[in-house]
Asker: 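One structure follows; several queries about it will come next.
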Amino acid sequence: EADIYQTPRYLVIGTGKKITLECSQTMGHDKMYWYQQDPGMELHLIHYSYGVNSTEKGDLSSESTVSRIRTEHFPLTLESARPSHTSQYLCASSDIRSPLHFGNGTRLTVT
Amino acid sequence: RKEVEQDPGPFNVPEGATVAFNCTYSNSASQSFFWYRQDCRKEPKLLMSVYSSGNEDGRFTAQLNRASQYISLLIRDSKLSDSATYLCVVTSGNTPLVFGKGTRLSVIA
């Protein structure tokens, strides 16, 4: 079983607040990803990283930012949350030997 | 044309039925193929990798057709617990994995 953790599991927050969604993995995977998924809809890649100090934007335009200062940690930050950011955010990691493993997600609601 | 296309379903089948899903991909350089399963309000989980020669895991069989650029998943003797969304995933080496929109399966008693 993959060891990838996301916190918080649920977050309800007011408009305009700065939030950081945490993601950590203990497998030493080089590659990490953030996906956004609305209920019943497809996954959209918003950010990915292939190693420390390497980050790229994904297919879906996002107002969030990410950082990769340590291999195991890939936090996602929203400087000013808006109701349109309400969604589920899924973090995942992989490496050459291991296909993608997901964390259990953060369900964000911006009021 | 989207990189990965799946029939969204839903497929409503009785218990014990055999059901097959197909997934087509557009990038002929694609190298790795997977099927993931996603339960309602949960994260996707790896169901099985898809190998060139085809592979089987219990009631599940995955096949790859490179010439026609599609992969398939066959589920035999469907169980109620097989109800989920099945996601086709394709990657071309060092590019991010591309997910299909998923096919919903409902197995009915």
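The shown structure was predicted, so the numbers you read here are calculated from the model rather than taken from an experiment.
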Asker: Could you grab the distance from atom OG of S98(A) to atom CG of L46(B), nearest 0.5 Å is fine?
Answerer: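 One finds 8.5 Å between OG of S98(A) and CG of L46(B).
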Asker: Decide yes or no for Y36(B) and P99(A): does some side-chain heavy atom of the first lie under 4.5 Å from some side-chain heavy atom of the second?
Answerer: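 When only atoms from C-beta onward are counted, P99(A) and Y36(B) do touch, with a gap below 4.5 Å.
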Asker: According to a hydrophobic-cluster definition based on side-chain heavy atoms being under 4.5 Å apart (Ile, Leu, Val, Met, Phe, Trp, Tyr only), do F11(B) and L74(B) belong together?
Answerer: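 No, no single cluster joins them.
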Asker: With the 4.5 Å side-chain cut-off for hydrophobic clustering, are V4(B) and L64(B) part of the same group?
Answerer: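 Result: yes, single cluster for both.
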Asker: Using side chain to side chain donor-acceptor pair (under 3.5 Å), reason through Q37(A) and Q38(B) one step at a time and then give a plain yes or no.
Answerer: CA-CA 12 Å; Q37(A) 186 179 36; Q38(B) 186 172 26; 2.8 Å; yes
Asker: Can you say whether R104(B) sits under 4.5 Å from chain A via the side chain, the backbone, both, or neither, judging by heavy atoms?
Answerer: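 Neither; nothing under 4.5 Å.
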Asker: Treat each ILVMFWY residue as a node, draw an edge where side-chain heavy atoms are under 4.5 Å apart, and state whether I13(A) and L21(A) are in one component.
Answerer: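 Linked, I13(A) and L21(A) end up in one cluster.
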Asker: For chain A, find which of P8(B), G100(B), P96(B) contributes the most heavy-atom pairs closer than 4.5 angstrom.
Answerer: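 Going by pairs under 4.5 Å, I would pick P96(B).
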Asker: Between atom OG of S32(B) and atom CG of L100(A), what is the distance when rounded to the nearest 0.5 Å?
Answerer: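 Reported value, rounded in 0.5 Å steps: 12.0 Å.
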Asker: Out of curiosity, D59(A) CG to E3(B) CD, how far, rounded to the nearest 0.5 Å?
Answerer: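 Nearest 0.5 Å value for the CG-CD distance: 7.5 Å.
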Asker: Should M32(A) and V66(A) be counted in the same cluster of Ile, Leu, Val, Met, Phe, Trp and Tyr side chains packed under 4.5 Å apart?
Answerer: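 Yes, M32(A) and V66(A) fall within the same hydrophobic cluster.
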Asker: What residues of residues 103-111 of chain A sit under 4.5 Å from chain B when only non-hydrogen atoms are counted?
Answerer: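 At a heavy-atom separation under 4.5 Å, chain B is reached by G103(A), N104(A), R107(A).
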Asker: So for atom CD, which belongs to Q6(B), do other residues, nucleotides or ligands contribute more than 12 heavy atoms lying within a distance under 6.0 Å?
Answerer: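 It does: Q6(B) CD has more than 12 such atoms within range.
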Asker: Can you check whether L97(B)'s main-chain N or O pairs, donor with acceptor, with Y33(A)'s side chain at less than 3.5 Å?
Answerer: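 No; judged by distance alone, with no hydrogens or angles, the pair does not exist.
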Asker: Taking every non-hydrogen pair under 4.5 Å, which of L45(A), L43(A), L90(A) racks up the most with chain B?
Answerer: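 Winner by heavy-atom pair count: L43(A).
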Asker: Got a sec, which residues hit side chain to side chain donor-acceptor pair (under 3.5 Å) with R66(B), two or more places apart in sequence or on another chain?
Answerer: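 For R66(B), no residue satisfies side chain to side chain donor-acceptor pair (under 3.5 Å) once neighbours in sequence are set aside.
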Asker: In this structure, are over 12 heavy atoms from other groups packed under 6.0 Å from I96(A) atom CD1?
Answerer: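 Count not over threshold, so no.
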Asker: Nearest heavy-atom pair of R9(A) and R41(B): which atoms, and what distance?
Answerer: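 For R9(A) versus R41(B), the nearest heavy atoms are NH2-O, 4.3 Å.
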Asker: Do F21(B) and V13(B) sit in one hydrophobic cluster, given that two such residues count as connected whenever their side-chain heavy atoms are within less than 4.5 Å of each other, even indirectly?
Answerer: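 The answer is yes; both residues are in one hydrophobic cluster.
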